[in-house]
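Chain letters run A, B, ... following the sequence lines, proteins first and then strands; every chain starts at 1. Remember, predicted model here, so these are calculated numbers, not experimental data.
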Amino acid sequence: MQSSVRYIQQQFWHSAKAPHLTIRTTHKSLQAYKAHSHESLSIGAIVEGMTCLSYDAKQLKLSAGDIVLIPPNQVHACNPVAQHTRSYHMLYVDYDWCCLQLSKLHAKSVTQFDCNVEYLADAHATQPFFDALEALRTLASSSAIATMEQQIHALLQAYCVPQNTVEQTSSKKQQVQHIKQLLLADICHPPSLQQLATDLRLTPESIIRQFKRLEGITPNAYLHNKRIEKAKWLLANGLDIVATAHEVGYADQSQLHRAFVNYTAATPRQYQQQRSIFDNN
DNA sequence: AAGGCTGCTGGTTACGACAC
DNA sequence: GTGTCGTAACCAGCAGCCTT
């Protein structure tokens, strides 16, 4: 039972003084993640052990001291290597805040961006980021927030490139967009795969194939991701777990719990207990 | 005692192979 | 690229145990 997620030491920090930043710290975890995405920019910092990051059919092995940048909405998974535990920090940076910083940097409106680096392994380059994270976690001062923002700024400047907002509008892409709209129209009562197939005059298998080709995950996984993202917001804003489960479309708390563990490697309770970094002082 | 977490089971979804 | 089919994996709902 000690290997259960509930026994993993992990904390989430958030502060009203820096609402664009959330830190997650996980110690010695073997817990795997299913493929998922975040609307925020995710910056991972490996503290101990090794982890395997999978995305775009690539697999990267990261070790202690490495930093990885995961662009917003990039489907990815991050799992242990050879059943060895790993400890890591994840810094989630609000998407709009990143766009604002990039807009200032590039002197033009930026509404989308991508990252042109897979990971940083040079200790000389990554140590200041680790130091800033540690200062933010332990000192929790306004100057620590400013230092962290400088570090993020440097990463944005060096590795994040504004994207052209002109969307491809192939019929396939439009169809997948349509499926996403149908799935999210009523997140509590989404259409079944069979209903979607009937509506779009396709087989369920074709829908899954098309969706996965363009989105990187299956329609069901996409739906779970959106539910969990909404659940995280509701939990962080004080809604209890049972109400959150119903609010995002799960029949009961146990279903939310299971999906939450699968996609975040944390329990809803652990996430709910996230506290202000200033609560410690 | 209440809320949180997990095991079990039937139904649904995802996937791979193959054919066209 | 799409449809069909068999199989594997996953999910929903329920029940009951564990933790606080």
- Task: Looking only at side-chain atoms of A/Q210, point me to the closest of B/dG4, C/dT2, C/dA12.
- Result: C/dT2
- Indicate yes or no for a side-chain donor-acceptor contact from A/H76 to the backbone of A/H36 under 3.5 Å, with no hydrogens or angles considered. yes
- Note on the structure: Of B/dC5, C/dT2, C/dA12, the nucleotide closest to the side chain of A/S206 is C/dT2
- A/Y119 OH: over 12 foreign heavy atoms closer than 6.0 Å: no
- Mind calculating the distance between CD1 (A/I217) and C1' (B/dT13) to the nearest angstrom? 14 Å
- Message: Both conditions, 6.0 Å and 45 degrees, for the charged tip of A/R24 above the ring of A/Y92: are they met here?
- Response: no
- Message: Whether the side chain of A/S87 engages the backbone of A/K28 through a donor-acceptor N/O pair (distance < 3.5 Å, no angle test) should be reported.
- Response: yes
- Of the nucleotides C/dC11, B/dA14, C/dT2, which has the atom closest to the A/Y263 side chain? C/dC11
- Determine whether more than 12 heavy atoms belonging to other residues, nucleotides or ligands lie under 6.0 Å from atom NE2 of A/H178. no
- Could you check which of B/dC15, C/dA12, B/dC5 has an atom nearest any side-chain atom of A/I208? B/dC15
- Of the candidates C/dC11, C/dA12, C/dT2, the side chain of A/R227 sits closest to C/dA12
- Message: With a 4.5 Å cut-off on side-chain heavy atoms, are A/V161 and A/Q163 touching?
- Response: yes
- Message: Can you identify which nucleotide, out of B/dA14, B/dC5, B/dC15, has its nearest atom closest to the A/K212 side chain?
- Response: B/dC15
- Message: Are the side chains of A/S103 and A/V110 in contact, using a 4.5 Å heavy-atom criterion?
- Response: yes
- Check whether any side-chain nitrogen or oxygen of A/T218 sits under 4.0 Å from OP1 or OP2 of B/dA14, and answer yes or no. yes
- Task: Rounded to the nearest angstrom, tell me the gap between atom CG in A/L256 and atom P in B/dC5.
- Result: 10 Å
- For the helix from B/dA1-C/dT20 to B/dC20-C/dG1, what angle lies between the axis at the first five pairs and the axis at the last five pairs, to 10 degrees? 40°
- Note on the structure: Atom CG of A/N220 and atom P of C/dA8 are separated, to the nearest Å, by 20 Å
- Item | Short side-chain N/O contact to B/dG4 OP1/OP2 from A/H257, under 4.0 Å | no
